[in-house]
Amino acid sequence: MLVDSHCHLDRLSLEKYDNNLSAAIDAALSRDIHQLLCVGISINNREAVVKIAEQFEPVVCSVGVHPLDVKEGLASVDDLVLWSQHPKVVALGETGLDYYYSEEEKNTQQESFAIHLRAAKKAQLPVIVHTRDAREDTIAIIKEEGCQTHAGVLHCFTENWEMAKQAMDLNYMISISGIVTFRNANELRDVVKKIPLDKLLVETDSPYLAPVPYRGKPNEPQYVREVAEFIAELKGISFEKLAEITTQNFNTLFSKATAS
C-alpha cells in the first residue's frame with residue numbers, strides 16, 4: 001500500500017469526477033493508496049483542509065503558511081500550536097523559503113519559517129518544508145530553530161545532493177514528486193539514486209506536476225503510484241518494496257497519522 005505524502009485536495013481539478021472529491025479519493029484507494037496528507041498553505045485555507053480531513057477517513061492534514069502566501073498574513077506560534085491540537089492535523093506547513101518567485105519577501109518568509117519551526121518544537125510535530133533557490137538559508141534556519149527529534153520533510157525536492165545530505169543529517173526526510181519522471185530531470189534522478197530508502201517519501205503535490213504519462217494534465221493523488229513505480233525502477237527494487245518502505249517512513253515521520 002502507498003501513501004500520497006503531499007497533496008492539495010482543496011485545489012484538485014474535479015471535472016472528470018463531476019466535481020465530486022469523494023470520487024477522486026476513491027480512485028486513489030482503488031490503486032492501493034490508503035492514506036493522503038492534505039497540505040495547508042495559508043491562514044485562509046486552514047479550515048478547508050481540516051474539513052476535508054474530518055470528512056474522509058483516509059485523509060490527514062497539515063496547517064501552515066506557504067512562503068508565497070505570507071502576504072496574506074503570518075500565523076503566530078500560539079496559532080499554530082492551537083491548530084495542531086486537532087486530531088487530524090499531523091504536521092505543520094507547508095512552510096519554508098521560495099526566493100525564485102518572491103525574493104523581495106525574504107525577511108518575511110524567514111520569519112514565518114522560524115515561527116513554524118518553533119511551533120513544531122512545542123507541538124512535537126514534523127514540519128513540511130518548501131524550498132526553492134534558498135538552499136543555504138533553508139538549512140541555516142532549520143539548524144537554528146528546528147527540532148531534530150520530530151524534524152520534517154523537504155517536499156517536492158528538486159535541489160542538489162549536498163542539500164539533501166545536509167537535510168538528512170538533521171533527521172529530515174526527502175519527498176519526491178512526479179518531477180522525477182520528467183525528461184529533463186537527470187540531476188534529480190541522480191540525487192534520488194543516492195537517497196537512502198529509509199529517508200524517502202513519495203508524493204504528487206497534486207493538482208500540480210503530474211508525472212509522465214500524465215504530464216500537462218491535472219495531477220491527482222492516484223498518480224502517486226506512477227511516481228513510486230518510476231522510483232522503484234530507478235533504485236532497482238520492486239514496486240511493492242518501495243511502497244512498503246515509503247509507507248513505513250510516512251508512519252515514522254507523521255506518527256500522529258497512525259492514531260487519526
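Computed over heavy atoms, backbone and side chain alike; hydrogens, waters and symmetry mates excluded. What you see is a predicted model; the values in this text were computed from it and never measured.
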| query | Can you tell if the side chain of Val202 reaches within under 4.5 Å of the side chain of Leu2, non-hydrogen atoms only? | reply | yes
| Is there a donor in the side chain of Thr246 and an acceptor in the side chain of Gln248, or the other way round, less than 3.5 Å apart? | no
| task | Grab the two heavy atoms, one from Val81 and one from Ala119, that are nearest each other, plus how far apart they are. | result | CG2-O, 3.8 Å
| note | From the list Cys38, Ser206, Pro58, side-chain contact (heavy atoms from CB on, under 4.5 Å) partner of Asp4 resolves to Ser206
| How far apart are the closest heavy atoms of Val65 and Gly73, and which atoms are they? | CG1-O, 3.8 Å
| field | Ionic contact status for Glu145 with Lys121, cut-off 4.0 Å | value | no
| For Val49 and Val39, which heavy atoms make the closest approach, and how far apart are they? | CG1-O, 3.9 Å
| request: Looking only at non-hydrogen atoms, find the nearest pair between Leu188 and Phe157 and report the distance. | output: CD1-O, 3.3 Å
| note | Here the pair of heavy atoms bringing Thr181 nearest to Pro211 is OG1-CA, 3.5 Å
| Do the ring planes of His8 and His6 sit parallel (below 30°), tilted (30 to 60°) or perpendicular (above 60°)? | perpendicular
| For Leu201, the option from Ile245, Leu253, Ile174, Leu154 that meets side-chain contact (heavy atoms from CB on, under 4.5 Å) | Leu253
| field | Side chains of Trp83 and Ile43 in contact at under 4.5 Å (non-hydrogen atoms) | value | yes
| request: Keeping to residues at least two apart or across chains, list the side-chain hydrogen bond (donor to acceptor under 3.5 Å, both in side chains) pairs with something in residues 127-142. | output: His66-His130, Glu94-His130, Asp98-His130, Tyr99-Asp137, Gln110-Asp137, Thr131-Thr138, Arg135-Glu159
| message | Just so I know, are the side chains of Val227 and Ser177 near enough to count as touching, which here means a heavy-atom distance under 4.5 Å? | response | no
| So do Leu97 and Phe113 actually touch side chain to side chain, heavy atoms under 4.5 Å? | yes
| said: For a quick test of reading the model, state the closest non-hydrogen atom pair linking Asn249 to Leu200 and the distance between them. | reply: ND2-O, 2.8 Å
Give every donor-acceptor pair under 3.5 Å between a side-chain atom in residues 228-238 and any protein atom, sequence neighbours left out.
| residue | atom | partner | partner atom | Å |
| --- | --- | --- | --- | --- |
| Glu229 | OE2 | Arg225 | NE | 3.1 |
| Lys235 | NZ | Val192 | O | 2.8 |
| Lys235 | NZ | Lys193 | O | 3.2 |
| Lys235 | NZ | Ile195 | O | 2.8 |
| Ser238 | OG | Lys241 | N | 3.0 |

| message | Less than 4.5 Å apart, side chain to side chain, heavy atoms only: is that true for Cys7 and Asp205? | response | no
| Test: Glu226 and Arg31 ion pair at under 4.0 Å | yes
| Asn171 and Lys199 side chains, donor-acceptor separation under 3.5 Å | yes
| query | Above 12 or not: heavy atoms from other molecules or residues under 6.0 Å from NZ of Lys71? | reply | yes
| field | Steps toward side chain to side chain donor-acceptor pair (under 3.5 Å) verdict (Glu220, Tyr17) | value | CA-CA 11 Å; Glu220 56 181 288; Tyr17 297 111; 2.4 Å; yes
| Does a salt bridge link Lys194 with Asp190, judged by any charged N lying under 4.0 Å from a carboxylate O? | no
